[in-house]
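What follows is a short report on a single structure.
We use all heavy atoms of the structure for the numbers below, so side chains are in, but hydrogens, waters and symmetry mates are not. Quick note on labels: first sequence line is chain A, next is B, and so on, each numbered from 1. Computed from a prediction, not measured in an experiment: that's the story for all the values here.
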Number of protein chains: 2
Amino acid sequence: MPDDRLSSLPDTPVPKPGQLLARGVCRHLDSHDFVTVEELIPTAGLRVDVMALGPKGEVWIIECKSSRADFQSDQKWQGYLEWCDRYFWAVDDAFPTDLLPEGTGLMIADAYDAEILRMGPESKLAPARRKVMVQKFARHAARRWHAARDPGFTSSWGL
Amino acid sequence: MPDDRLSSLPDTPVPKPGQLLARGVCRHLDSHDFVTVEELIPTAGLRVDVMALGPKGEVWIIECKSSRADFQSDQKWQGYLEWCDRYFWAVDDAFPTDLLPEGTGLMIADAYDAEILRMGPESKLAPARRKVMVQKFARHAARRWHAARDPGFTSSWGL
């Protein structure tokens with residue numbers, strides 16, 4: 001059933017549960033002086049929920065799982081490891097965290113904030129790959145910011 | 001006198017002439033596959049009108065001058081040269097371009113587009129400084145994009 005308060009806003013898509021977790025994750029990471037983007041594509045066929053860039057160029061990837069089914073349908077997560085220094089899951093406080101693989105980080109999130117319960121182990125990117133990832137991050141963020149500040153021009157981009 | 005068409009939109013600041021040139025510059029640079037931000041601070045005391053990041057990590061700075069007085073009051077432009085691979089002025093088609101110093105690039109712009117009349121000479125950044133600038137660009141773009149996509153959280157940032 002549509003939410004009556006939202007049905008009068010047809011141009012505002014209702015966020016999915018995973019997107020609400022991503023919002024809380026991005027808010028929390030700001031308090032660590034990390035900047036964030038959502039839905040970045042590190043390489044063809046992979047799209048990360050949140051990529052975070054730290055003050056010293058640290059690259060973290062956070063996958064947001066709203067349910068057991070959402071987690072169990074993800075066949076790609078191990079492919080993300082080679083694109084970051086640290087990898088985390090973000091789940092809500094009802095998620096059965098025993099399901100999550102060892103050797104990964106864990107955040108408990110809601111739509112408003114998050115908390116890092118377990119740091120992802122560090123596996124540092126090689127300098128050349130870090131350079132590629134920071135460049136991809138910069139271009140992703142700048143294109144979306146351009147679309148936001150000049151929508152009349154960029155509406156054809158489909159971002 | 002306020003413009004009647006705009007006075008009903010108190011939250012939408014009217015862009016200054018230089019900002020309209022910057023908009024056209026950013027639109028044009030997109031056609032060269034450069035992404036852009038405005039008002040980036042490379043170092044304390046300097047704020048560039050447009051910083052552009054190319055597909056191979058090229059860093060360009062473009063200063064937008066809406067009038068002779070606007071240009072003549074700029075005492076800082078030489079300080080920008082060390083923060084980019086190429087430096088450009090962007091002016092409208094009525095600007096007396098003879099005023100502009102030799103050895104700089106030139107774009108003719110309006111609010112909708114721009115054209116590169118003269119490439120700025122290349123003076124390549126050292127790798128360490130390029131790394132710093134791409135990181136600054138990424139953080140600047142991501143913070144503004146975060147502010148745009150989650151204004152309820154980031155309104156205190158004052159961006």
Can you find a heavy atom in the side chain of L29(A) that is under 4.5 Å from one in the side chain of H146(B)?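 They are not in side-chain contact.
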Are the side chains of R149(A) and R23(B) in touch, meaning some heavy atoms are under 4.5 Å apart?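 Not touching, per the 4.5 Å side-chain cut-off.
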Checking R143(B), H140(B), R144(B) against V35(A) for side-chain contact (heavy atoms from CB on, under 4.5 Å), the one that qualifies is R143(B)
Verify same cluster id: [X], [Y] (apolar side-chain graph, 4.5 Å):
{"X": "I62(A)", "Y": "Y112(A)", "answer": "no"}
{"X": "W83(B)", "Y": "V134(B)", "answer": "yes"}
{"X": "V59(A)", "Y": "W145(B)", "answer": "yes"}
{"X": "V91(B)", "Y": "M119(B)", "answer": "no"}
{"X": "V132(A)", "Y": "F137(B)", "answer": "no"}

Has Q135(B) got a side-chain atom pairing as donor or acceptor with L53(A)'s backbone, closer than 3.5 angstrom?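 A pair under 3.5 Å: no.
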To the nearest 0.5 angstrom, please state how far the CZ atom of F153(B) sits from the CG atom of D30(A).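 Result: 4.5 Å between the selected atoms.
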To the closest 0.5 Å, what do you measure between CG (D33(B)) and CZ (R139(A))?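 Rounded to the nearest 0.5 Å, the CG-CZ separation comes out at 4.5 Å.
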For chain A, which of R27(B), E38(B), K131(B) has the most heavy-atom pairs under 4.5 Å?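 Answer, by heavy-atom pair count under 4.5 Å with chain A: R27(B).
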Check whether K56(A) gets within reach of chain B through its side chain, its backbone, both or neither, counting any heavy atom under 4.5 Å. backbone
Among A142(A), A148(A), A147(A), which residue forms the greatest number of heavy-atom pairs with chain B at distances under 4.5 Å? A142(A)
Would you name the heavy atoms of A138(B) and A141(A) that are closest together and state the gap between them? O-CB, 4.5 Å
